[in-house]
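Because the structure is predicted, anything quoted here is derived from the model rather than measured. All values below come from the heavy atoms of this structure, side chains included, with hydrogens, waters and symmetry mates left out.
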Amino acid sequence: MTEIPETMRAVRFDEWGDRSVLHVAEVPVPEVTPGRVLVRVRAAGINPGESAIRQGAFGGDLPSGQGTDFAGIVVAVGAEVDGVDEGEEVIGWSWDRASQAEYVSVPAVQVVQKPRLLDWTVAGGLDVIATTAAAAVRAVDPRAGETVVVSGAAGGVGGFVTQLLANEGIDVIAVASEANHEWLRSKRARPVAYGDGLQERITELATNGVDAVIDTHGAEYVRLGIALGVPVDRIETIIAFDEAAEVGAKTSGSADTADPEILGALALEVANGAIEVPVAATYPLDRVQDAFEELEQGHTRGKIVLIP
């Protein structure tokens, strides 16, 4: 039986604010209660939404932990758990803002077996981008041969969306900085630079028109979709919720595809090379502020991952 310490190191914040409020604290290791498993975290991703959470956009109790994504090894299994064993390598998610820590406790239904060939670092940052991308693609219901514009197409979610679409025979017009164009071409997308004249550049590429838009960057791309003549029920945004509500666009996200079977299937696609998840950088827990400084610059290709 694995020896479990009484305390662990975990990312915390005691007040709402910018990244300077983040720190690492010594806190009790969660108890192993019925229906749950305790996981020794090997890697935990960070996500843009956590910046908004930390600034108080969604409320909640203080002090607070942080983090959704994780990958690690099950070290204890609670009563009434079937199908998950101690020692099993898993990937999963926490709804408790708790994954950026040495240990995390989650319901057993929120972990799946980590594919053997899946790198720990990639696995630790997988859940949010994979399930959000799957939800976004499902929301616009693309068909082979259609043209879909993806904004922020080299970011964590955007890159996953781009590859999901291209793998299904969708013509992807990928909006990203020129530094990411070669990588996007390697994923069978047609990259286009953002900035002034973007609508005209997209129109030149989309000779048969644009069928759908998936926005991972901001409200201007919801408006762009409307300007391109895309029906609002085929415009999806994972970030511009106010704009979407105003015009009637969709806002599907990871909560809509929080399913172990979906995560497991997507993890296998990454493990077998059908989808690449670049890791932009890794940081130890003690450098969580530095990790968010890099993330909040907004030009990351792929994921930034914390290593407890």
Side-chain angles (χ1 to χ4, degrees), residues 8-25 27 30 39 41 43-71 91-107 110 124-136 152 155-158 160 215-219 236-245 251-258 263 280-300 302-308:
M8 66 177 185
R9 299 167 69 251
V11 174
R12 287 287 189 271
F13 55 93
D14 303 327
E15 58 184 312
W16 309 116
D18 62 22
R19 59 182 176 269
S20 67
V21 303
L22 295 172
H23 62 278
V24 175
V27 300
V39 178
V41 178
I46 69 173
N47 297 284
E50 289 157 10
S51 296
I53 290 171
R54 187 191 67 230
Q55 292 167 30
F58 303 104
D61 297 326
L62 292 173
S64 175
Q66 185 170 255
T68 300
D69 302 324
F70 67 88
I91 55 178
W93 71 94
S94 167
W95 293 131
D96 300 327
R97 303 177 184 176
S99 70
Q100 293 167 18
E102 292 178 321
Y103 293 86
V104 64
S105 170
V106 296
Q110 290 175 210
L126 187 59
D127 174 71
V128 168
I129 62 169
T131 56
T132 302
V157 176
F160 213 103
D215 164 51
T216 73
H217 190 271
E236 151 77 10
T237 179
I238 68 167
I239 192 168
F241 305 121
D242 291 344
E243 189 74 18
T251 56
S252 295
S254 59
D256 299 295
T257 43
L263 177 58
T282 61
Y283 291 86
L285 285 185
D286 289 335
R287 294 186 59 198
V288 63
Q289 291 186 18
D290 294 335
F292 274 90
E293 180 179 12
E294 180 171 347
L295 179 74
E296 290 167 5
Q297 291 173 1
H299 299 291
T300 302
K303 288 287 295 207
I304 297 173
V305 179
L306 296 175
I307 307 298

Which distance, rounded to the nearest 0.5 Å, do you find between the [atom1] of [X] and the [atom2] of [Y]?
X: Leu22; Y: Leu285; atom1: CG; atom2: CG; value: 11.0 Å
X: Phe13; Y: Arg97; atom1: CZ; atom2: CZ; value: 6.5 Å
X: Phe70; Y: Tyr103; atom1: CZ; atom2: OH; value: 14.0 Å
X: Glu294; Y: Arg19; atom1: CD; atom2: CZ; value: 11.0 Å
X: Ile46; Y: Ser51; atom1: CD1; atom2: OG; value: 7.5 Å
X: Glu296; Y: Ile304; atom1: CD; atom2: CD1; value: 9.5 Å

With distance as the sole test, does [X] use its side chain to make a donor-acceptor pair with the main-chain N or O of [Y] at under 3.5 Å?
X: Glu15; Y: Val21; result: no
X: Ser99; Y: Thr68; result: yes
X: Asp18; Y: Ser20; result: yes

Taking the side chain as every heavy atom from C-beta outward, state whether [X] and [Y] have any pair of such atoms under 4.5 Å apart.
X: Leu263; Y: Trp93; answer: yes
X: Lys303; Y: Asp69; answer: yes
X: Arg9; Y: Asp286; answer: yes
X: Asp127; Y: Ile91; answer: no
X: Leu126; Y: Phe160; answer: yes
X: Val106; Y: Trp95; answer: no

Sequence neighbours excluded, which residues qualify as ring-ring contact (aromatic ring centres under 6.0 Å, His included) partners of Tyr283? none
For [X] and [Y], work out which heavy atoms get closest and say how close.
X: Leu295; Y: Pro48; value: CD2-N, 3.7 Å
X: Pro284; Y: Leu306; value: O-CD2, 4.0 Å
X: Ala43; Y: Val305; value: CB-CG1, 3.8 Å

Between Leu62 and Asp14, is the side-chain contact (heavy atoms from CB on, under 4.5 Å) condition met? List the steps. CA-CA 6 Å; Leu62 292 173; Asp14 303 327; over 6 Å; no
Step-by-step side-chain contact (heavy atoms from CB on, under 4.5 Å) determination, Arg12 to Val27: CA-CA 9 Å; Arg12 287 287 189 271; Val27 300; 3.6 Å; yes
Determine, stepwise, if the pair Ile239 / Asp215 fulfils side-chain contact (heavy atoms from CB on, under 4.5 Å). CA-CA 8 Å; Ile239 192 168; Asp215 164 51; 3.7 Å; yes
Decide whether a cation-pi geometry holds between Arg54 and Phe292; the criteria are a distance under 6.0 Å from NZ or CZ to the six-membered ring centre and an angle within 45° of the ring axis. yes
Ignoring hydrogens and angles, state whether a donor on the side chain of Gln100 or Gln66 is under 3.5 Å from an acceptor on the partner side chain. yes
